[in-house]
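Computed from a predicted structure; not experimentally measured. Convention: sequence-line order gives letters A, B, ...; per-chain numbering from 1. Note that these values count all heavy atoms, side chains included, but never hydrogens, waters or copies made by symmetry.
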Protein chains: 2
Amino acid sequence: MERATLRDVARLAGVSVATASKALNGQPQVRASTRARVLQAASQLAFSPNTLAQGLVTQRTGTVGLLTSDLEGRFSIPILMGAEDAFGTDQTSVFLCDARGDSIREKHHVRALLSRRVDGLIVVGARPDSRPSLGHDLPVPVIYAYAPSDDPRDLSLVVDNEGGGRLAVDHLIRCGRRKIAHITGDATYGAAQDRARGALARLTEEGLAVAGGEVWFGMWSEAWGRGATRMLLERHPDVDAIFAGSDEIARGVLDVLHEERLDVPGRVAVVGYDNWTILTANARPPLTTIDMNLEQLGRVAAQRLFTAIGGTLGSGTEKFAPKLVTRESTAPLR
Amino acid sequence: MERATLRDVARLAGVSVATASKALNGQPQVRASTRARVLQAASQLAFSPNTLAQGLVTQRTGTVGLLTSDLEGRFSIPILMGAEDAFGTDQTSVFLCDARGDSIREKHHVRALLSRRVDGLIVVGARPDSRPSLGHDLPVPVIYAYAPSDDPRDLSLVVDNEGGGRLAVDHLIRCGRRKIAHITGDATYGAAQDRARGALARLTEEGLAVAGGEVWFGMWSEAWGRGATRMLLERHPDVDAIFAGSDEIARGVLDVLHEERLDVPGRVAVVGYDNWTILTANARPPLTTIDMNLEQLGRVAAQRLFTAIGGTLGSGTEKFAPKLVTRESTAPLR
DNA sequence: TACGTTCCTGAAAACCTTTTCGGCAACTCG
DNA sequence: CGAGTTGCCGAAAAGGTTTTCAGGAACGTA
């Protein structure tokens, strides 16, 4: 299966390569009949242009590098899908690189991508805390997604975790709940702090205090969700809603509530975080949760990068609003 | 940040581009001192070769296309990671494309990838049943992973599901179990059938029949796992092991056993399938399961493709053995 | 008929690298 | 001292495309 080149097309159409090129690219200075001949020849030969050669002369490759730090982590994937999707429609392809959290591996990948003359870079971090900038002496625009760059001159797109916490609590309040507890993950995660801050702020607005006396920080696991819920019920059996910092934790919460025969949502309402379908849809009952809209984040990152490729992209950190996904674990009281 | 070209390096080193190229590529016909000068110049200018130009002349781009049908699905990711990992060490990069199960979208992507002059293609399917071949008139080698091609002339790398079923049951038998049930997913999935066949074969070897009278096909969900387990316990309360067709189903199984206060693994042992960490590690107790070794599959696919790029790759379907991951949900009886 | 326009077309340069091959200098050896 | 080797280096072609610019043909006008 030998590939046809533009030369072959031109020869078959009886024109020069220059005209063939112009005909194929829709340049105006070619007669309609000539263009038709070229098009016909091209399709006959199943011609598809060599993008390497195109890139060499146009200085645009139509490729971007997507640099992730943890592919196995669940958060990179939706972002990646969003970006791939957005680019798919413009004809740009994405190079996927997984640095596995290793910074020298990351450097290596950046070098390779630049060597491939990508038009831009999207860096998606493993967790929503800031990460080291790639620097400013790069010849292409870089956009940071999920984990912001630690350099404010870079452009970062992140999730609004404070807004997410606020959203969850707001929903519970609207359901008539007044004794709302918050069980969440590792306190060293900025995300945990932000969500808690948002939750507390909304409670305060309503004149409420958090049930359980304080936010329960711990780990991002079902086991912690179970343990914390047991302690919580022991000390504050009258709690009527629990906002969990992740769907995993929420699963643990539900598990213990079920064990204790406390009806969800009749007696206690539960909200999770992440909208990780495998956990939320299968839960008993299916879990109301906060969706970070990561796919949208990826899509926007792609678009921003695309428009920035010619000119320049801004700087600073843009926050994206999460959304509430209601399922059966929450409902109005009575 | 303008990029240095080989010309710049050559000029700085006081040699021709030809010698500069040879020096950088380790060709022998260049004096040591000259090479040193070139190397020095290159590093001084932070030179990195333009791979587009290289590809144009060498007819090798050092890129492969990875065509997946369902990125969100959990099975593509490990394969993708394995491939990315294997390629990372050779300096080849991967173009990621998600066809979203749409065959015209897939065609589109293939065209684009060929236009980019990828050196090869890895096609990873959504489910382990056979899928349409991309055809044989492609100018690059293609390798099918997870979902085999429906054309035996293609090379496909798949998981040995029959072996997996056998492995699970074998483990349960070694744990002294004799009344082993199998609750699994959608009967229209080849994977479900294969796993069941392997399980039954191993039981027969031991002179055992499957507990519950037959294999319980249903859906790949926790809810089905719960429902099936309830029915099973009602009719056959003496079952001492359950092999679940997926970790999701296993979670449902565990849930009901827990509700019924049947000790796991003291009274009933449970084995899952997939080793989906988020489900298995958090289960109560942590779940023994079958790991399909998908990362290895991806790695091998990459290697096969790489060695095939020069020559030709074989055909047929190669099966890869899954492995047993033991956790606390299984243990010897008494 | 001579000249200026308007339309199309094609030759050639450019993009950056690899690779072949010829040539020059310095040797070795008879 | 001449001929044959050996070791390094550079000129040039090649890879496939886009784009600029010059020029030819056809036409209208004076």
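- Nucleic acid contact class of B/Gln54 (heavy atoms, under 4.0 Å, all strands): sugar-phosphate only.
- Put simply, the side chain of B/Tyr146 does not reach to within 4.5 Å of the side chain of B/Val123, judged on heavy atoms.
- Heavy-atom contacts from other residues, nucleotides or ligands closer than 6.0 Å to CD of B/Gln27 number more than 12.
- Side chain to side chain, A/Arg116 and B/Ser93 meet the donor-acceptor criterion of an N or O pair below 3.5 Å.
- For DNA chain C, the span of nucleotides reached by chain B at under 4.0 Å from its heavy atoms goes, 5' to 3', from C/dC16 to C/dT20.
- Note on A/Thr34: only backbone sugar-phosphate atoms sit closer than 4.0 angstrom, heavy atoms only; bases stay farther off.
- No side-chain donor from either of A/Ser69 and A/Arg100 sits under 3.5 Å from a side-chain acceptor of the other.
- If you walk DNA chain D from 5' to 3' and mark each nucleotide with an atom closer than 4.0 Å to a heavy atom of chain A, the marks span D/dG16 to D/dT20.
- When the nearest nucleotides of DNA chain D are assigned to A/Arg7 and A/Gln29 by heavy-atom distance, the more 5′-ward of the two goes with A/Arg7.
- Using a 4.0 Å heavy-atom cutoff across all strands shown, B/Ser21 reaches at least one base atom of the nucleic acid.
- Of the residues near DNA chain D, A/Val17 and B/Gln59, the one whose nearest nucleotide (by heavy atom distance) lies more toward the 5' end is B/Gln59.
- Residues B/Ala18 and B/Ala53 each lie close to DNA chain C; by heavy-atom proximity, the contact nearer the 5' end of the strand is made by B/Ala53.
- A donor atom on one side chain and an acceptor atom on the other are not found under 3.5 Å apart for B/Thr63 and B/Asp119.
- Judged as a salt bridge (charged side-chain N to carboxylate O under 4.0 Å, His left out), the pairs with a partner in residues 149-160 of chain A (not counting sequence neighbours) are, in order, A/Asp151-A/Arg153.
- Because its NZ or CZ atom is both nearer than 6.0 Å to the ring centre of B/Tyr189 and within 45° of the ring axis, B/Arg127 counts as a cation-pi partner of that residue.
- With salt bridges taken as basic N to acidic carboxylate O contacts below 4.0 Å, one links B/Glu106 and B/Arg131.
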